[in-house]
Amino acid sequence: MARVVVDVMLKPEILDPQGQAVQRALPRLGFEGIADVRQGKRFELEVEGPVDAAALARINQMAETFLANTVIEDFTVKVEESK
Amino acid sequence: MARVVVDVMLKPEILDPQGQAVQRALPRLGFEGIADVRQGKRFELEVEGPVDAAALARINQMAETFLANTVIEDFTVKVEESK
Amino acid sequence: MTARIGVVTFPGTLDDRDSLRAVRIAGAEPVSLWHRDKDLKQVDAVVLAGGFSYGDYLRAGAISRFSPVMETVIEQAKAGMPVLGICNGFQVLTESHLLPGAMLRNNHLHFICRDQKLRVESAETAWTADYTAGQEISVPLKNIDGRYVADEHTLDELEAEGRVAFRYLDGNPNGSLRDIAGISNAAGNVVGLMPHPEHAVDPLVGTGRTDGLGFFTSILKKLVNA
Amino acid sequence: MSLDTVKHATETPDAEQPWAELGLKQDEYARIREILERRPTGAELAMYSVMWSEHCSYKSSKVHLKQFSEKVPPNDAMLVGIGENAGVVDIGQGYAVTFKVESHNHPSYIEPYQGAATGVGGIVRDILAMGARPVAVVDPLRFGAADHPDTRRVLPGVVSGIGGYGNCLGLPNIGGEVVFDECYQGNPLVNAGCIGVMKHEDIHLAKASGPGNKVILYGARTGGDGIGGVSVLASETFTDASAAGAAGAKPTKRPAVQVGDPFQEKLLIECTLEIFREDLVDGIQDLGGAGLSCATSELASAGSGGMRVELDSVPLRDSSLSPEEILMSESQERMCAIVEPGKVDRFMEICEKWDVIATVIGEVTEGTQLEIFWHGEQIVDVPPRSVAHEGPTYHRPFARPSWQDALQADDANKLARPTNSAELRGQVLKLVGSPNQASKSWITDQYDRFVQGNTVLAQPEDAGMVRVDEDTNLGVAIATDGNGRFAKLDPYTGAQLALAESYRNVAASGAKPLAISDCLNFGSPEDPDVMWQFAEACRGLADGCQQLGTPVTGGNVSLYNQTGDTAIHPTPVVAVLGVIDDVTRRTPVAFAEEGQLLYLLGDTHEELGGSAWSQVVHNHLGGMPPKVDLDREKLLGEILISGSRDGMVDAAHDLSDGGLIQAVTESCLRGGKGARLVVPDGLDPFLFLFSESAGRAIVSVPRSEELRFNDMCGARGLPVTRIGVVDGDEVEVQGQFSIPLSELRTAHEETIPGLFADTTTA
Ligand SMILES: Nc1ncnc2c1ncn2[C@@H]1O[C@H](COP(=O)(O)OP(=O)(O)O)[C@@H](O)[C@H]1O
Ligand SMILES: [Mg+2]
């Protein structure tokens with residue numbers, strides 16, 4: 001079984017208060033030198049069968065129509081080794 | 001500036017209601033062949049200065065104590081090219 | 001003669017009983033609709049009630065949008081049937097692209113429950129005819145994903161076409177762009193808003209106001225006079 | 001490793017067993033061998049160890065809890081008493097109400113969000129299991145010092161966990177408490193309560209009877225989370241527990257904290273209510289602490305005794321689980337029902353409608369043993385009573401702590417008091433803005449209080465109130481209170497003060513107090529000082545309930561709330577449930593009408609021991625807590641209830657922490673109206689404002705009702721003093737000082753957001 005990872009992040013122009021809150025908290029916790037933080041979602045999909053071009057096309061479509069809302073989010077699809 | 005990505009996922013034995021909800025919805029949307037879905041968080045950190053061993057050690061510690069709660073979550077730290 | 005107004009229950013919908021009650025108090029006939037049924041039981045209008053359908057997992061409204069009942073609701077809404085989306089219902093409407101834009105986590109990241117003052121910006125929609133433009137009302141607000149966003153072009157278009165139906169007053173509670181609390185589609189039959197008019201129909205409970213009843217009397221009059 | 005079957009256990013009597021790692025004592029293990037007349041199998045050992053843990057067996061506390069049943073006050077409202085998932089009381093018109101408070105303290109320290117969330121989930125399932133629709137939740141909370149860095153981690157997580165779960169279930173949160181004290185630094189208290197409503201005929205009990213009836217497990221799949229949660233988290237000192245949680249050290253390598261799925265629970269609620277409506281179950285039990293071990297043994301024990309379970313049928317999330325782990329798993333959002341064979345199909349249909357997984361895992365048998373099978377082999381063969389109801393009982397030693405006298409001798413009435421009115425004014429502002437007295441709306445605004453459309457009163461009112469019947473306006477009210485500072489000074493009195501305050505809050509809202517539930521939060525029972533506090537608190541509560549006529553219907557004990565040798569303040573939290581025939585008669589706290597007269601009901605004494613003033617101004621804890629007079633509380637309650645019913649009182653607010661000035665400030669800010677106060681003759685202005693004498697309330701009375709109200713108090717013998725009038729936009733104490741409402745509001749409302757608004761839980 002192969003693992004495909006879909007990362008979904010807010011578009012750069014959309015305010016990301018979660019990322020900002022993390023960033024603001026860092027100095028207080030003693031972590032300096034982080035100029036920006038963005039927080040998004042990571043989906044790990046365990047795919048049955050081969051991850052060929054057809055499968056990837058389907059996963060791209062799934063990300064586009066469902067896993068991400070492209071009004072506000074961008075996504076990337078990557079194939080990973082499964083454990 | 002370099003980008004470091006911290007992925008935080010629920011440990012495998014911990015219930016992941018969000019991932020399950022996504023997985024259950026997929027067949028209804030016409031996407032078959034996904035055996036499992038886990039949903040986690042992705043943090044993109046823009047790091048000032050060099051991402052050397054010391055910086056990575058600090059980021060690891062930040063992930064361990066703040067970005068993840070290691071009672072229920074695992075994390076990985078990766079250095080990425082910045083755009 | 002009265003009108004039949006349907007209220008959809010998705011798994012995780014919470015305010016369906018309140019919406020049915022509001023419909024009844026306004027004098028219309030409440031009809032429960034179930035997410036798995038494509039059949040809308042001949043209702044004249046539909047309310048998508050508040051709550052956490054599918055736990056709001058993935059994104060609020062993202063999973064419900066694909067339910068069988070929504071297939072019919074989307075089709076009928078495009079044909080002119082009045083649809084009101086309250087809170088989670090509004091999120092379902094944006095996810096379904098019946099209304100433009102999207103809902104995001106509140107800028108302060110917390111769930112917020114409070115009595116919220118609004119200005120009714122448009123009395124031209126199917127659900128607001130009993131108000132006057134500029135009227136100020138207070139209804140409960142309660143959500144964590146209530147921040148309305150859309151691109152500048154869309155926002156300008158909504159303003160120009162008079163489709164910003166409600167705006168927050170006395171402080172923006174969640175970072176919604178241009179203080180937008182609710183919008184309508186171009187035809188005015190589909191309206192979505194984050195605050196909960198169905199919780200403001202009985203002076204005994206909630207915040208003790210009845211400012212929300214106008215939504216339900218508006219639609220009833222429109223349907224009965226049609 | 002080969003399977004440890006009953007047969008194998010009989011053949012290998014001397015095999016080593018990890019009873020100590022599982023938290024059992026030598027004599028407890030010996031007792032198990034005696035019951036079974038052989039060594040237990042691994043699965044049996046697992047069951048006994050979790051069921052005989054402090055959390056499930058109440059082994060240290062039950063000798064003291066007995067009093068709640070023995071000293072039962074005369075009251076015919078009680079339909080189901082202590083011993084079931086929750087008690088049930090009759091509220092008239094054919095309705096019954098069930099309610100209970102439980103703790104989720106230790107998990108909430110380790111993982112604040114999920115610990116608190118699953119705490120709400122657990123108590124809601126208890127209420128559901130009684131046959132009731134859950135209608136509201138409450139959350140009494142205690143945290144470490146407000147400005148301690150770790151409180152910034154724990155509080156926001158706990159609050160979002162309670163909100164995240166409760167809001168998603170559609171349960172209005174109508175009350176609770178937030179208290180800060182450094183004694184809770186490593187041991188926050190996260191108590192959660194729930195109220196449910198049903199018709200009398202819908203009451204369900206947790207028992208399995210009727211041989212041939214099916215045992216159905218439904219809800220979430222069983223996973224490897226929370227294994228041994230009760231034994232590890234609730235029965236050991238905290239240092240061990242956090243190590244176990246963090247490192248997953250014992251008893252298995254799996255974490256003892258669970259992630260909740262409120263969406264699944266919402267489906268479980270709707271599905272279960274539909275199953276009740278069609279009368280499809282004979283007995284039902286929720287799965288909470290100790291999971292299937294608890295549910296199967298309790299159902300069997302309370303029924304005819306015999307049950308056979310095929311463990312292979314349990315739907316799993318993780319196929320690698322061992323049978324012991326399946327029995328111990330505390331996966332959330334599961335229920336277990338006993339169903340007649342002819343009703344199984346319909347039961348399954350309803351589960352399918354709600355997308356809830358349901359599986360027949362066994363059946364009720366003729367015998368008297370609980371028998372569990374795995375891959376066709378028998379791994380458990382026990383008398384269920386011995387697991388569920390006949391656990392060990394400890395008579396732990398207790399003794400009045402050696403430091404108690406010195407603490408009580410350190411009299412707060414001797415602390416330096418303000419010497420002029422400017423100082424008095426300054427202390428008022430300091431008090432109303434101190435973390436414990438400040439407005440909690442930043443927290444409670446994160447909870448949905450409107451959902452279900454029946455909320456008549458919610459925080460910051462004295463009591464939460466929900467309408468039960470839309471046609472008759474019948475309603476119920478609930479308040480929870482506890483003051484660990486008072487209990488530390490004198491646990492007997494402290495427990496009674498918690499009861500009195502909660503009772504007073506319910507009465508102030510206009511409802512008649514009916515019954516109580518409690519959550520007893522204490523340190524280690526192995527410390528005789530703590531055990532004395534516990535014994536005294538139980539005695540005080542039982543005596544108090546007897547005198548007030550309000551029975552204890554159920555509750556929860558949380559022990560081992562301590563860090564090293566230092567225990568938390570003894571913290572009995574008491575929830576009082578009241579009934580009101582017509583919710584339109586409710587009394588809010590807000591002073592809303594200018595010109596109305598303000599009256600103080602009750603007597604004010606020199607009582608500053610444990611007071612908010614002594615804490616805020618002097619950081620002091622010593623002396624004696626205020627005296628309790630429960631007959632007076634009862635009389636005060638009757639006056640408040642009559643005043644509301646007969647329209648003599650427009651607003652009422654009980655006096656407790658912070659004294660009169662705190663209550664006046666809250667009522668003024670709530671109504672947006674000021675007040676002019678006159679210090680009664682013969683009373684020191686400082687004591688008038690800050691004393692915390694019990695049995696008092698302030699009321700706002702329309703001028704037209706003044707005579708009637710005074711006559712009523714006079715006739716019944718309740719001291720009543722006119723103290724001022726609702727007026728203007730400042731609080732003025734004549735001859736002393738005045739403070740504009742805006743200044744009070746800033747002091748009162750900015751503290752909590754100032755401390756926590758910028759926190760983040762990544
Ligand atoms: N402090 C207490 N006061 C009264 N009853 C209590 C108290 N603690 C526990 N009980 C009762 O003992 C029984 C067992 O408690 P518990 O184990 O919490 O219930 P459950 O098995 O539903 O979790 C319940 O009926 C509960 O109400
Ligand atoms: Mg229970």
Side-chain angles (χ1 to χ4, degrees), chain C residues 9-22 24-25 34-37 49-58 60 63-64 67 87-88 106 108-116 139-145 173 195-209 212, chain D residues 133 156 159-160 162-173 260-267 270-271 352-356 441-459 465-467 470 473 475 582-584 586 588 590 753 756-762:
Chain C
T9 301
F10 298 106
T13 295
L14 305 177
D15 299 312
D16 43 350
R17 295 196 299 167
D18 306 66
S19 297
L20 290 164
R21 184 191 286 135
R24 178 168 46 76
I25 291 175
W34 182 239
H35 69 114
R36 281 192 198 164
D37 287 341
F52 289 78
S53 59
Y54 291 95
D56 274 2
Y57 298 152
L58 186 58
I63 300 181
S64 318
S67 59
C87 194
N88 201 229
N106 294 339
H108 47 77
L109 302 176
H110 297 290
F111 189 96
I112 183 166
C113 174
R114 73 178 197 200
D115 198 8
Q116 177 67 46
V139 296
L141 176 79
K142 39 172 218 155
N143 61 61
I144 188 164
D145 291 315
H196 288 258
E198 84 286 12
H199 284 322
V201 296
D202 177 348
L204 188 57
V205 293
T207 55
R209 293 177 210 271
Chain D
R133 173 178 279 281
V159 169
S160 11
I162 289 169
Y165 206 99
N167 295 341
C168 189
L169 285 190
L171 290 177
N173 184 311
D261 181 353
F263 170 59
Q264 175 71 244
E265 180 122 325
K266 167 69 177 167
L267 299 184
E270 298 303 330
C271 172
E352 199 278 333
K353 170 182 170 187
W354 289 101
D355 292 317
V356 168
S441 62
W442 182 81
I443 291 168
T444 57
D445 281 356
Q446 296 183 46
Y447 305 146
D448 186 345
R449 56 184 176 275
F450 300 119
V451 66
Q452 292 197 8
N454 286 314
T455 306
V456 178
L457 295 176
Q459 61 286 78
M465 186 181 287
V466 290
R467 178 173 64 186
E470 266 186 72
N473 284 328
D582 178 1
V583 292
T584 62
R586 77 214 180 260
F756 300 105
D758 66 340
T759 52
T760 175
T761 39

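Numbered from 1 within each chain, the chains take letters A, B, ... in sequence-line order.
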[atom2] on [Y] to [atom1] on [X], rounded to 0.5 Å:
X      : Y      : atom1 : atom2 : result
C:I112 : D:W442 : CD1   : CH2   : 11.0 Å
D:D448 : C:L141 : CG    : CG    : 10.5 Å
D:Q446 : C:I144 : CD    : CD1   : 8.0 Å

Examine whether an atom of C:T207 lies under 4.5 Å from a heavy atom of chain D, and if so say whether it belongs to the side chain, the backbone or both; otherwise answer neither. both
Let's test your reading of the structure: which of D:M465, D:K353, D:R586 forms the most heavy-atom pairs below 4.5 Å with chain C? D:K353
With a 4.5 Å cut-off on heavy-atom pairs, point out which of D:D758, D:T444, D:L171, D:N167 contacts chain C the most. D:N167
Please tell me if the side chains of [X] and [Y] come closer than 4.5 Å, counting only heavy atoms from C-beta onward.
X      : Y      : answer
C:R21  : D:N454 : yes
D:L169 : C:L14  : no
C:L204 : D:R467 : yes
C:H110 : D:V159 : no
D:D355 : C:R36  : yes

Once side-chain hydrogen bond (donor to acceptor under 3.5 Å, both in side chains) is applied, do any residues pair with C:N88, and if so which ones, sequence neighbours excluded? C:S53, C:D56, C:Q91
Output all residues satisfying side-chain hydrogen bond (donor to acceptor under 3.5 Å, both in side chains) with C:Q116, sequence neighbours left out; order by chain, then residue number. C:R114
Just give me the residue among C:P140, C:G50, C:G51, C:P203 that pairs up with chain D most often, heavy atom to heavy atom, under 4.5 Å. C:P140
Would C:Y57 and D:D261 count as having a side-chain donor-acceptor pair, cut-off 3.5 Å? yes
Please determine whether a side-chain nitrogen of the Lys or Arg among D:D445 and C:K142 lies less than 4.0 Å from a carboxylate oxygen of the Asp or Glu. no
Determine, using ring centers only, whether D:Y447 and C:F111 are less than 6.0 Å apart. no
Which heavy-atom pair separates D:F263 from C:G55 by the least distance, and what is that distance? CD1-N, 3.3 Å
Main-chain N/O of D:G453 paired to C:D18 side chain as donor or acceptor, under 3.5 Å: yes
Please assess D:T455 against C:V205 for the test side-chain contact (heavy atoms from CB on, under 4.5 Å), listing each intermediate value before the final yes or no. CA-CA 5 Å; D:T455 306; C:V205 293; 5.6 Å; no
Heavy-atom contact with chain C under 4.5 Å, split by part of D:Q452: both
